[in-house]
Amino acid sequence: MGSENDIFDEIEGMVVKDAAKLFSPAVIEHFNNPKNMGALEEPDAYTFMSGMCGDTIGIFLRLSGEKISKIGFVTNGCGPTIACASALTSLAKGKATAEACNITSEQLIEFLGGLPRENTHCADLAVNTLRGALAKLG
Ligand code: FES
């Protein structure tokens, strides 16, 4: 008879397999190992935004000249939201603010190797939050 650990391993294996049916390897990687997660101390700008689903993302920026030298995010959202915020902050880091502002949801989704249709709003929320934080720079 299997131990409790075997059962947990089996359940975890099923969850991972199900996720792989729905999401690209890049989405799963960014969800499992998010980049730039966490708020920044003394940011030059930050903002929080919520989507219609009720999920919220906060993005924090620190600049060096015109470029984004540090970027962090927090979220209470779903796995795809974490993946979108992680991928978007990775894309924006090191870019000039004007360039980062031009990153679109479509580009983010393409970078992630696609998203299920019901999760494309997670990409919109991430992009809108970044633009909101950039707008606070004045
Ligand atoms: Fe709404 Fe992900 S489910 S932002």
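In listed order, ligands and their atoms are each counted from 1.
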S.K.: Kindly give the heavy-atom pair with the smallest separation between Leu130 and Ala100, and that separation in Å.
M.R.: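 What the structure gives for the nearest pair is CD2-O, 3.8 Å.
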
S.K.: Can you check the number of protein N/O/S atoms within less than 2.8 Å of atom 1 (Fe) of ligand 1?
M.R.: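 If we list every protein N, O or S atom nearer than 2.8 Å to atom 1 (Fe) of ligand 1, we get 2.
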
S.K.: With Ser50, which residues qualify under side chain to side chain contact (heavy atoms under 4.5 Å, CB included), at least two apart?
M.R.: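 Here the qualifying residues are Thr56.
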
S.K.: Should we say atom CD of Glu118 is surrounded by more than 12 heavy atoms from elsewhere, each under 6.0 Å from it?
M.R.: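 Enclosed: over 12 neighbouring heavy atoms sit under 6.0 Å from CD of Glu118.
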
S.K.: Side-chain atoms of residues 79-99: list all donor-acceptor pairs with protein atoms under 3.5 Å, sequence neighbours left out, distances to 0.1 Å.
M.R.:
from: Ser86; atom 1: OG; to: His30; atom 2: ND1; distance (Å): 2.7
from: Ser86; atom 1: OG; to: Lys35; atom 2: N; distance (Å): 2.8
from: Thr89; atom 1: OG1; to: Asn36; atom 2: ND2; distance (Å): 3.0
from: Thr89; atom 1: OG1; to: Ala85; atom 2: O; distance (Å): 2.8
from: Thr89; atom 1: OG1; to: Ser86; atom 2: O; distance (Å): 3.0
from: Ser90; atom 1: OG; to: Ser86; atom 2: O; distance (Å): 2.7
from: Lys95; atom 1: NZ; to: Leu91; atom 2: O; distance (Å): 2.9

S.K.: Surrounding CZ of Phe31 (heavy atoms of other residues, nucleotides or ligands, distance under 6.0 Å), is the total greater than 12?
M.R.: no

S.K.: With sequence neighbours left out, which residue pairs that include part of residues 57-80 fulfil the salt bridge (Lys or Arg N to Asp or Glu O under 4.0 Å) condition?
M.R.: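 Those involving residues 57-80 do not exist here.
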
